[in-house]
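Per chain, numbering begins at 1; letters A, B, ... match sequence-line order.
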Protein chains: 2
Amino acid sequence: MQGLARQGLTGQNRGNGPASPPDHPLQAGLTPDSTLDGRGPLFDQIKRAVAGQILRGRWQAGQRLPNEAELSSLYGVSRQTVHKAIALLAREGFLVRRRRAGTFVATSRRDRFALPIEDIGDVVARDGRVYEFRIRDRKIFRNGEGIRWPDLPDGTPILTLECLHFSDGTPIQHERRLVNLDVVPEVVDESFDVVAPSRWLVDRVPWSSADHTVRAVNATAEMAALLGVEAGAACLSIRRQTMHLSRPVTLVHFLSVGDRFSLSGSSITDSATELNL
Amino acid sequence: MQGLARQGLTGQNRGNGPASPPDHPLQAGLTPDSTLDGRGPLFDQIKRAVAGQILRGRWQAGQRLPNEAELSSLYGVSRQTVHKAIALLAREGFLVRRRRAGTFVATSRRDRFALPIEDIGDVVARDGRVYEFRIRDRKIFRNGEGIRWPDLPDGTPILTLECLHFSDGTPIQHERRLVNLDVVPEVVDESFDVVAPSRWLVDRVPWSSADHTVRAVNATAEMAALLGVEAGAACLSIRRQTMHLSRPVTLVHFLSVGDRFSLSGSSITDSATELNL
DNA sequence: TCGACGATAATGTATGTACATAATCTTTCG
DNA sequence: CGAAAGATTATGTACATACATTATCGTCGA
């Protein structure tokens with residue numbers, strides 16, 4: 001049997017599988033090598049095989065690919081196994097499936113590039129530098145009184161924090177943060193002598209979602225002084241609002257010196273990396 | 001049967017499912033409501049139910065959750081269905097599974113925030129504005145002769161493009177692009193009168209992966225003139241290198257005026273959104 | 001000719017069964 | 001006592017089966 005099964009079936013094949021030999025004609029131009037590489041579980045091998053066909057341009061964007069039954073006999077595995085592989089590829093955005101119509105190679109990968117946004121402390125530490133931070137200011141307000149957090153009802157108690165982050169002693173990021181005290185009242189008892197606010201919140205409020213906006217701004221005189229650059233220096237500004245159970249938890253503005261900090265990442269979809277394409 | 005099944009089972013239950021009533025004690029503190037919401041497929045309901053437990057803090061980070069057999073009888077579905085739900089949550093990064101040890105709520109959500117990077121044309125169009133672009137320059141070099149693309153061998157033919165992007169007539173982005181002619185030789189015959197280079201390449205070279213770097217820089221005098229801002233204005237600089245079959249395809253530098261362009265997006269992992277948490 | 005409607009073909013979900021795999025726990029023996 | 005060997009347990013994969021769901025295609029009739 002093609003020597004493809006690495007796992008399972010220590011004895012003989014348990015019985016009645018599809019197992020028709022790979023002498024299928026299929027639709028013109030759609031005849032894959034049908035050789036699985038034998039590495040890892042079958043459904044992963046199928047994923048790789050299919051992704052490979054696409055990658056090599058044998059199956060082009062928008063094109064329909066063989067249905068599950070055909071793939072099943074082509075690769076000599078059951079329909080469920082094919083289904084799992086194909087459904088995963090679809091879930092990861094490589095394929096589009098429509099009932100009755102079939103499975104198609106996805107066309108648009110335009111908006112699939114994504115940049116991970118990491119905690120500044122992690123970034124600095126990973127660079128092998130010494131990370132420090134300093135709380136510069138800390139106050140409590142009620143929303144609407146001297147401060148305004150748009151997504152929060154007026155009167156909600158808010159803790160404000162102002163903080164500087166250092167890499168090897170050089171200031172690299174300024175942080176201005178609002179915390180919703182209705183959601184995280186314990187924060188008033190936390191001094192942030194050791195743990196940075198971002199870290200503390202992440203550990204405290206699990207499973208939050210967030211939205212981000214990144215832009216470039218010129219440093220004001222005040223910020224420039226804090227960050228040790230000339231006024232007007234280009235800075236990366238990241239605004240992040242974090243939600244938990246559809247309630248805003250925290251709203252932060254990070255400001256980082258342009259030539260000391262950057263965002264970077266690679267893609268296609270993390271999942272594609274697993275396929276090591 | 002708890003009125004949970006929305007699909008399937010038009011007649012009666014086909015037979016021998018687990019179906020023990022939800023009067024289970026389970027481990028202390030781990031007793032979910034065991035009420036599925038009846039919306040959508042069972043495995044999705046399970047996903048939501050489990051995610052909900054975590055979200056509501058009933059199952060905390062690091063904690064072990066009931067095994068598949070227990071969940072199966074708790075929710076009154078088969079082990080496979082539970083397995084599918086839990087395995088998906090694990091694949092999406094919400095849970096961590098270890099054989100024999102069990103399933104645990106994932107701890108770190110730190111690096112899960114991600115920013116999508118979209119095509120400028122799409123962004124402008126979505127804003128309801130008129131998108132235009134203009135090719136300003138176009139040359140052909142060999143790598144190392146007057147130009148250098150680090151990841152490419154010397155001598156490789158390269159097409160260079162310089163391009164401006166407009167929103168409602170206002171310049172918002174400058175693009176400087178290198179294209180590897182060994183990979184996409186057809187590009188020399190393309191005038192880019194209608195289709196922008198990014199779009200053309202995406203349509204031509206499917207399934208590429210890319211890495212990005214985003215930083216903030218001050219506009220040089222030349223760039224400032226092109227973009228219609230004063231010299232020194234803060235700009236967002238995006239560098240993107242695209243690969244296909246581990247060969248570099250194109251290397252682009254985008255430069256966008258800080259107050260006319262920003263990156264934004266929301267997260268936790270796209271997949272979480274599906275759960276509408 | 002066009003629309004309704006039923007047949008059909010594709011994917012989607014759920015369950016049972018069987019075995020593989022990998023930790024972890026337990027026992028046994030030097 | 002400690003290490004090796006074996007039992008146990010939880011997850012992982014594969015397959016068969018059965019039925020649901022949903023476009024799409026044809027056909028038939030007004």
Side-chain angles (χ1 to χ4, degrees), chain A residues 1 4-20 27 36 38-47 50 64-73 75-91 95-104, chain B residues 1-2 4-20 26-27 36 38-47 50 64-91 95-104 274:
Chain A
M1 251 199 88
L4 48 83
R6 190 221 48 157
Q7 77 134 8
L9 316 178
T10 28
Q12 80 293 33
N13 194 323
R14 211 180 307 94
N16 41 10
S20 35
Q27 296 95 317
L36 301 182
R39 289 186 291 113
L42 280 177
F43 76 89
D44 261 345
Q45 298 183 43
I46 308 246
K47 278 180 69 176
V50 170
R64 175 175 169 182
L65 47 95
N67 68 31
E68 294 186 352
E70 290 166 327
L71 289 173
S72 156
S73 63
Y75 289 117
V77 302
S78 71
R79 175 164 91 91
Q80 297 76 267
T81 303
V82 167
H83 177 75
K84 185 173 182 178
I86 301 296
L88 282 171
L89 283 172
R91 178 172 286 265
L95 300 174
V96 174
R97 315 197 78 187
R98 271 161 44 226
R99 284 183 177 164
R100 167 75 219 233
T103 303
F104 303 84
Chain B
M1 252 202 86
Q2 308 176 235
L4 48 83
R6 192 221 47 155
Q7 78 131 10
L9 315 179
T10 27
Q12 79 292 35
N13 193 321
R14 211 177 310 93
N16 41 8
S20 34
L26 273 204
Q27 296 95 316
L36 301 182
R39 289 186 289 111
L42 281 177
F43 77 88
D44 261 344
Q45 297 182 44
I46 309 247
K47 279 180 69 176
V50 170
R64 175 176 167 181
L65 47 92
N67 68 31
E68 295 185 350
E70 289 165 327
L71 289 173
S72 156
S73 64
L74 180 63
Y75 289 118
V77 301
S78 71
R79 172 164 95 93
Q80 296 74 266
T81 303
V82 166
H83 177 75
K84 183 171 182 180
I86 301 296
L88 282 171
L89 283 172
R91 179 171 285 266
L95 301 173
V96 174
R97 316 197 78 188
R98 268 162 45 225
R99 285 183 178 167
R100 165 74 217 232
T103 303
F104 303 85
E274 299 162 15

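- Atoms CG (Asp44(A)) and C1' (dA14(D)) sit 13 Å apart, rounded to a whole Å.
- For the residue pair Arg97(B) and Thr103(B), a side-chain donor N or O sits within less than 3.5 Å of a side-chain acceptor on the partner.
- At the phosphate of dG12(C), OP1 or OP2 sits under 4.0 Å from a side-chain N or O atom of His83(A).
- Between Leu36(A) and Tyr75(A), the shortest heavy-atom contact is CD2-CD2, 3.5 Å.
- Taking atom CG on Leu42(A) and atom C1' on dT21(C), their separation rounds to 15 Å, with Å as the unit.
- To the nearest angstrom, C1' of dT13(D) lies 18 Å from CZ of Arg39(A).
- Atom CZ of residue Arg79(B) and atom CG of residue Asn67(B) lie 9.0 Å apart, to the nearest 0.5 angstrom.
- Look at CG on Leu71(B): it is 17 Å from C1' on dA14(C), rounded to the nearest Å.
- Mapped onto DNA chain C by nearest heavy atom, Phe43(B) and Ala69(A) fall at different nucleotides, with Ala69(A) at the one closer to the 5' end.
- Note: OH (Tyr75(B)) to P (dA14(C)) measures 15 Å, nearest angstrom.
- In this model, the phosphate group of dA14(D) is not approached by any side-chain N or O of Ser78(A) to a distance below 4.0 Å at OP1 or OP2.
- When all heavy atoms of Glu68(B) and His83(B) are compared, the closest pair comes out as OE2-ND1, 2.7 Å.
- In this structure, CD1 in Ile46(A) is found 11.5 Å from CG in Leu88(A), a value given to the nearest 0.5 Å.
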* Structure fact -> Under a 4.0 Å heavy-atom criterion, the protein footprint on nucleotides 4-10 of chain D, written with B, S and -, is ----BBB
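- The CD atom of Gln80(A) sits 12 Å away from the P atom of dA18(D) (whole-angstrom rounding).
- In this entry the distance linking CZ of Arg79(A) with C1' of dA18(D) reads 11 Å, nearest Å.
- Here the side chain of Ser72(B) pairs a donor or acceptor atom with the backbone of Val77(B) at under 3.5 angstrom.
- The side chain of Lys84(B) places an N or O atom within less than 4.0 Å of a non-bridging phosphate oxygen (OP1 or OP2) of dT13(C).
- Here NZ of Lys84(A) is found 8.5 Å from CG of Asp44(A). Values are rounded to the nearest 0.5 Å.
- For the pair Lys47(B) NZ and dT13(C) C1', the computed distance is 14 Å after rounding to whole Å.
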